[in-house]
Amino acid sequence: MKQTLSELLRMSRICRMVFATCLGSFILVIFYFQSMFQPVMRRNPFVADSCCRKGSRNALQELYNPTQPELSGMAVLHQARRDQVVDACRVYSASSHKRRVLTPGDLKHLVVDEDHELIYCYVPKVACTNWKRVMMVLTGRGKYSDPMEIPSNEAHVPSNLKTLNQYSIAEINHRLKNYLKFLFVREPFERLVSAYRNKFTLKYNSSFHKRFGTRIVRRYRKNATQDALLNGADVKFKEFAEYLVDPATQRDGPLNEHWQTVYQLCHPCHIHYDLVGKYETLVEDANYVLRLVGVGDSLRFPSYAKSTRTTDAMTAQFFSNISSQQQIQLYQLYKLDFLMFNYSTPSYLRLD
């Protein structure tokens, strides 16, 4: 009996020792992984975190609490732009019965820069080629130094930049919460006419002529020639406008990104953008972003060719060739972009 009791006590001590050893090992594993992921799990962008950024503040901190006096005025301007977006979203939400949750597929336009903790939503026809070039410089870790040395076609190669939809849900949420998110917008009808001029009036864009031009000619041109039906290379703006407002186009699926609304491309009512840049103040706003990042002294945003730029007067001329009904329908299609980004209703529109 005594021997059995002794054996039980000995087994009990062994079990306690094994349990203590396992518990200690488990705690060590927890501390190990916690130390590994500590840089990722930090929060509060408005408080400097010396463990992760070599003594410097990140762009999000500098935007909301600028240490450079000359940046304070810009901070006020961008707060007003953020407020405008919030107000427009509130009005839209109150009037709309549509509710949806974003999926990773909705995030394919959001380019991520891990090194500088940036997320940029690119909008075609709003200097997105040059912005992609700049993002390649920022994320290239020395591979590129001059944005304009990067060929335009290389800037649009998907593998050259990482987008937010390539991350896990947890990683997406972390970046949306901690990184500075920005986009650039443009007067909606100038952007629309710019897209039309680029994709339907230039010979080298034959892929767009085949993909969209032939469809537009087939649907909206009476007595179309065989050449037009085959190549779609001479689409008129009036036909393009008719295509955009046709309910059948909406049933075909989302509009092409070059003429899709910013609201649908970047989802500003679901994603809180910290900075809204404008094409009309492109260089100033772009270089402001670069200064927030801390690279303003070494990297400048490329200038653009003003001679080929689509202007308000040019846009008015294109719209004068379409009916009042088409003008009204186009305005309704892009109305949220007008309201959200504080663009006035164009004076040339016939909305009566």
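Every value quoted in this text rests on a predicted model; they were computed, and no experiment measured them.
The nearest pair of heavy atoms linking S152 to T129 is CB-CG2, 3.8 Å. Heavy atoms only, all atoms of each residue included: S324 and R350 are closest at OG-NE, 3.0 Å. Residues P147 and P302 approach most closely at CB-CG, 3.9 Å, considering heavy atoms. Across every non-hydrogen atom of E187 and E280, the tightest pair is N-OE2, 3.2 Å. Here the closest non-hydrogen pair linking L107 and I172 is CD1-CG2, 3.7 Å. The two residues V123 and C266 make their nearest non-hydrogen contact at CG2-SG, 3.8 Å.
Rounded to the nearest 0.5 angstrom, K181 NZ and I119 CD1 are separated by 6.0 Å. Distance SG/C128 to NE2/H156: 5.0 Å, rounded to 0.5 Å. The CG atom of L290 sits 6.5 Å away from atom CG of L138, with the distance rounded to the nearest 0.5 Å. To the nearest 0.5 angstrom, R300 atom CZ is 3.5 Å from N287 atom CG. A distance of 10.0 Å separates NE2 in H258 from CG in L265, rounded to the nearest 0.5 Å. In this structure, CD in E257 is found 7.5 Å from NZ in K108, a value given to the nearest 0.5 Å.
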> Yes or no on side chain to side chain donor-acceptor pair (under 3.5 Å) for T163 and N165, after CA distance, side-chain angles and deciding distance?
Replying inline: CA-CA 6 Å; T163 49; N165 62 317; 2.6 Å; yes
>> Evaluate W131 against V111 for side-chain contact (heavy atoms from CB on, under 4.5 Å), listing each step before the verdict.
In response: CA-CA 10 Å; W131 257 118; V111 176; over 6 Å; no
> What's the verdict on side-chain contact (heavy atoms from CB on, under 4.5 Å) for V217 and V235, showing C-alpha distance, side-chain angles and the deciding distance?
Replying inline: CA-CA 7 Å; V217 169; V235 170; 4.2 Å; yes
>> D312 vs Y348, test: side chain to side chain donor-acceptor pair (under 3.5 Å). Steps then yes/no.
In response: CA-CA 10 Å; D312 181 69; Y348 53 78; 4.7 Å; no
>> Set out, in order, the CA-CA distance, both residues' side-chain angles and the distance that settles salt bridge (charged side-chain N to carboxylate O under 4.0 Å, His left out) for R219 and E239, then state yes or no.
In response: CA-CA 9 Å; R219 285 185 183 179; E239 296 168 332; over 6 Å; no
>> Set out, in order, the CA-CA distance, both residues' side-chain angles and the distance that settles side-chain contact (heavy atoms from CB on, under 4.5 Å) for R175 and L164, then state yes or no.
In response: CA-CA 8 Å; R175 282 153 183 77; L164 195 59; 4.1 Å; yes
> Under the side chain to side chain donor-acceptor pair (under 3.5 Å) criterion, do S168 and E171 qualify, and how do the steps go?
Replying inline: CA-CA 5 Å; S168 70; E171 291 170 332; 3.2 Å; yes
> Step by step, would you call T67 with E62 a side-chain contact (heavy atoms from CB on, under 4.5 Å)?
Replying inline: CA-CA 7 Å; T67 56; E62 193 62 41; 3.0 Å; yes
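Taking the ring centre of Y279 as origin, the terminal cationic atom of K125 falls outside the region bounded by 6.0 Å and 45° from the ring axis. By the 6.0 Å and 45° rule, K162 stacks over the aromatic ring of Y167. For the pair K132 and Y122, the cation-pi test (distance below 6.0 Å, angle within 45°) is passed.
Between the side chain of Q326 and the backbone N or O of V245 there is no donor-acceptor pair closer than 3.5 Å. For the pair T139 (side chain) and M135 (backbone), a donor-acceptor distance under 3.5 Å is present. N160 places a side-chain N or O within 3.5 Å of a backbone atom of E154 that can act as its donor or acceptor partner. Under the 3.5 Å distance criterion, the side-chain polar atoms of N205 are left unmatched by any main-chain donor or acceptor of F208. Under the 3.5 Å distance criterion, the side-chain polar atoms of T249 are matched with a main-chain donor or acceptor of Y243. With N231 contributing its side chain and H209 its backbone, the two residues share no donor-acceptor pair below 3.5 Å. Proximity of a side-chain donor or acceptor of H267 to a complementary backbone N or O of D106 within less than 3.5 Å is detected. Panel note: side chain K236, backbone D234; a donor-acceptor pair is recorded below 3.5 Å. Although no hydrogens or angles enter the test, the distance criterion places a donor-acceptor pair under 3.5 Å between the side chain of Q84 and the main chain of L339. Checked by atom type and distance alone, the side chain of Q327 never pairs as donor or acceptor with a backbone atom of L349 at under 3.5 Å.
Ring pair Y331/F189 is perpendicular by interplanar angle, where above 60° counts as perpendicular and below 30° as parallel.
Side chains of N256 and P124 form no contact here, defined as non-hydrogen atoms less than 4.5 Å apart. Side-chain contact check for L336 versus T261: every heavy-atom pair is 4.5 Å or farther apart. P254 has its side chain out of reach of Q264: every pair of non-hydrogen atoms, C-beta onward, lies at least 4.5 Å apart. Taking 4.5 Å as the limit, some side-chain heavy atom of L192 sits within range of a side-chain heavy atom of L244. Side-chain contact between M136 and R133 is absent, with no heavy-atom pair separated by less than 4.5 Å. Looking at H78 and Y288, their side chains come closer than 4.5 Å, going by heavy atoms from C-beta outward. With contacts defined as side-chain heavy-atom distances shorter than 4.5 Å, the pair Y263/Y334 does not qualify. Proximity of D274 to L60: side-chain heavy atoms (C-beta onward) are separated by under 4.5 Å at one or more points.
Using a 4.0 Å cut-off between charged nitrogen and carboxylate oxygen, E190 and R309 count as a salt-bridge pair. For D285 and K278, the salt-bridge test fails: no basic side-chain N is under 4.0 Å from an acidic carboxylate O. For the pair D246 and R215, the salt-bridge criterion is not met [side-chain N within less than 4.0 Å of a carboxylate O].
At most 12 non-hydrogen atoms from other residues, nucleotides or ligands lie less than 6.0 angstrom from CG of D297.
Residues V283 and L77 are members of separate hydrophobic clusters, defined by side-chain heavy-atom contacts under 4.5 angstrom among Ile, Leu, Val, Met, Phe, Trp and Tyr. Hydrophobic clustering (side-chain heavy atoms under 4.5 Å, transitive across Ile, Leu, Val, Met, Phe, Trp, Tyr) keeps L292 apart from V76. When the side chains of ILVMFWY residues are joined at heavy-atom separations under 4.5 Å, either directly or via intervening members, M74 and Y64 end up in a single hydrophobic cluster. Side-chain heavy atoms closer than 4.5 Å link hydrophobic residues (I, L, V, M, F, W, Y) into clusters, and following such links, even through other members, never connects V91 to V185. Linking ILVMFWY side-chain heavy atoms closer than 4.5 Å, directly or via other members, places I322 and M314 in a single hydrophobic cluster.
In this structure, Y120 has its ring center no closer than 6.0 Å to that of F184.
Just one of Y196, F212, F237 meets the ring pair (Phe, Tyr, Trp, His ring centres under 6.0 Å) condition when paired with W259; it is F212. Partner V137 forms a side chain to side chain contact (heavy atoms under 4.5 Å, CB included) with one of D146, V295, I150 and no other, that one being I150.
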